[in-house]
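Numbering of ligands and ligand atoms starts at 1, following listing order. Just so you know, these numbers use all the heavy atoms, side chains as well, and skip hydrogens, waters and symmetry mates. Just so you know, these numbers come straight off a predicted model, no measurement behind them.
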Amino acid sequence: MSYVITIDGPAGAGKSSVAKAVARELGINYLDTGAIYRAIALILYESEVRAVDDYIMREALSKIKIELRGKEVLVNDFDVTGEIRTPMVDELASMYSAVPSVRKALLSLQKEQEKHGSIVAEGRDVGSVVFPEAMAKFFLTASPEARAKRRYTERIAKGKPADYGEILKAIIERDKNDSTREVSPLTIPEGAIFVDTSDMTEDEAVKFILCKVREKLPDETE
Ligand code: DC
């Protein structure tokens with residue numbers, strides 16, 4: 001039986017690490033939809049396609065080929081995996097993902113991933129728009145302060161420069177953009193289980209999700 005699990009939520013709620021761990025535990029694929037938005041945002045920006053001109057935008061989108069190969073994201077056969085995790089791309093992705101033609105262009109690419117077997121899909125609208133029929137849906141969140149603290153710690157651990165105040169400000173701004181945009185705003189999908197990870201470890205969040213998923217997979221042996 002092939003199935004889909006969705007994990008939506010704001011930036012820094014721990015979705016990526018939790019979704020990856022859940023996929024690993026279940027032995028199924030992990031789909032990072034944010035990486036797709038990041039890749040398209042980077043290429044549109046570098047091609048100087050601005051969000052205001054819908055015709056030019058649609059023309060440009062029709063010429064962009066995005067491919068997912070395991071953890072790698074390829075844009076027109078060019079590997080951008082290493083370039084899409086920067087504060088600048090955080091902002092670009094938030095901005096371009098609010099453009100209706102961008103979301104439309106990326107919808108089928110995301111849906112197609114279901115063909116390769118069961119998946120844990122992570123994003124902002126995977127439970128509401130991309131896979132509304134998913135077997136299990138989760139909405140992972142945490143307070144802006146808890147999320148900023150995690151991002152700060154992550155960056156420091158990677159030896160990257162970090163300023164807690166700046167990170168918190170950027171998180172609040174991104175939350176605002178992602179939840180007030182007209183198309184597919186960040187919302188709690190119907191039927192999703194709400195998980196506040198502010199006071200939870202990653203391991204606890206993973207265990208909680210696995211427990212809920214296994215309730216729906218009665219034949220699975222642990
Ligand atoms: O999860 P992330 O930070 O990598 O996502 C980057 C941006 O992409 C984020 O600002 C919101 C957007 N996004 C989206 O609009 N819909 C998704 N399904 C995934 C990400």
Side-chain angles (χ1 to χ4, degrees), residues 4-20 22-23 29-45 51 57 61 64 66 68 71-73 75 80-114 119-132 134 137-142 144 146-148 150-152 154-155 158 160 167-189 192 197 202 205:
V4 177
I5 296 168
T6 61
I7 304 185
D8 286 295
K15 291 188 310 285
S16 300
S17 6
V18 169
K20 274 183 212 156
V22 169
N29 296 325
Y30 161 63
L31 172 63
D32 176 1
T33 62
I36 305 177
Y37 279 97
R38 285 171 179 273
I40 201 112
L42 180 64
I43 196 74
L44 287 170
Y45 179 76
M57 175 69 84
L61 286 166
I64 301 172
I66 297 203
L68 298 172
K71 288 182 186 139
E72 288 164 10
V73 190
V75 178
V80 295
T81 321
E83 288 170 61
I84 58 173
R85 308 278 165 198
T86 66
M88 186 185 90
V89 181
D90 285 354
E91 270 182 46
L92 290 176
S94 182
M95 193 179 84
Y96 281 105
S97 64
V99 180
S101 47
V102 171
R103 302 204 73 83
K104 197 164 163 227
L106 295 183
L107 191 59
S108 51
L109 174 70
Q110 296 173 79
K111 279 182 186 285
E112 267 170 31
Q113 307 307 313
E114 208 181 346
I119 43 175
V120 177
E122 173 226 322
R124 301 293 194 288
D125 63 346
V126 283
S128 51
V129 177
V130 187
F131 302 111
K137 302 182 194 181
F138 298 90
F139 188 86
L140 226 68
T141 190
R147 290 186 278 137
R150 283 179 199 156
R151 274 281 146 98
Y152 173 83
E154 258 168 40
R155 290 189 68 79
K158 285 183 189 157
K160 292 183 179 169
I167 295 174
L168 179 61
K169 212 172 109 199
I171 280 189
I172 293 171
E173 186 62 25
R174 269 225 282 165
D175 279 0
K176 199 171 131 223
N177 285 350
D178 294 345
S179 51
T180 56
R181 68 180 177 220
E182 280 180 27
V183 197
S184 289
L186 174 67
T187 49
I188 306 174
T197 66
E202 185 187 309

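- Distances below 4.0 Å separate heavy atoms of D125 from the following atoms of ligand 1: 16 (N), 17 (C), 18 (N).
- Heavy atoms only, all atoms of each residue included: Q110 and F131 are closest at O-CZ, 3.4 Å.
- The pair D8-R124 fails the salt-bridge criterion, with no side-chain N (NZ, NE, NH1 or NH2) lying under 4.0 Å from an Asp/Glu carboxylate O.
- Under the 4.5 Å side-chain criterion, counting only non-hydrogen atoms from C-beta, S101 is in contact with L61.
- Residue G34 approaches ligand 1 through these ligand atoms, each under 4.0 Å from one of its heavy atoms: 4 (O), 5 (O), 19 (C), 20 (C).
- Side-chain contact annotation: R103 with Y37, donor-acceptor N/O pair under 3.5 Å present.
- Annotation: salt bridge (charged side-chain N to carboxylate O under 4.0 Å, His left out) contacts of R150 (sequence neighbours excluded): none.
- By the criterion of a heavy-atom distance under 4.0 Å, the side chain of D178, and not its backbone, is placed next to ligand 1.
- If you number the atoms of ligand 1 from 1 as listed, the ones under 4.0 Å from a heavy atom of S94 come out as 10 (O).
- At the top of the distance list for atom 12 (C) of ligand 1, counting protein heavy atoms only, stands S97 OG, 3.6 Å.
- Electrostatic pairing of K71 and D32 does not count as a salt bridge here, judged by no charged N lying under 4.0 Å from a carboxylate O.
- For ligand 1, the polar-atom distance check finds an N/O of R124 within less than 3.5 Å of one of the ligand's N/O atoms.
- Residues passing the salt bridge (charged side-chain N to carboxylate O under 4.0 Å, His left out) test with E72: none are found, sequence neighbours excluded.
- Here the protein heavy atom with the shortest distance to atom 8 (O) of ligand 1 is Y37 CB, 3.5 Å.
- Compare R85, K15, R103 by their heavy atoms: the one nearest to atom 16 (N) of ligand 1 is in R103.
- The nearest non-hydrogen atom to atom 10 (O) of ligand 1, considering only R181, M95, R174, comes from R174.
- With hydrogens left out, the protein atom closest to atom 7 (C) of ligand 1 is A93 CB, 3.6 Å, a heavy atom.
- Here the heavy atom of the protein found nearest to atom 3 (O) of ligand 1 is R38 NH2, 3.0 Å.
- Counting only non-hydrogen atoms, the option in T33, L107, D8, D90 that gets closest to atom 19 (C) of ligand 1 is T33.
- There is no side-chain donor-acceptor pair under 3.5 Å between T33 and E122.
- R147 and I171 make their closest contact through NH1-CG2, 3.6 Å (heavy atoms, listed as atom of the first residue, atom of the second, distance).
- Which parts of ligand 1 touch G123 is read off a 4.0 Å heavy-atom cut-off, strictly below it: atoms 18 (N), 19 (C).
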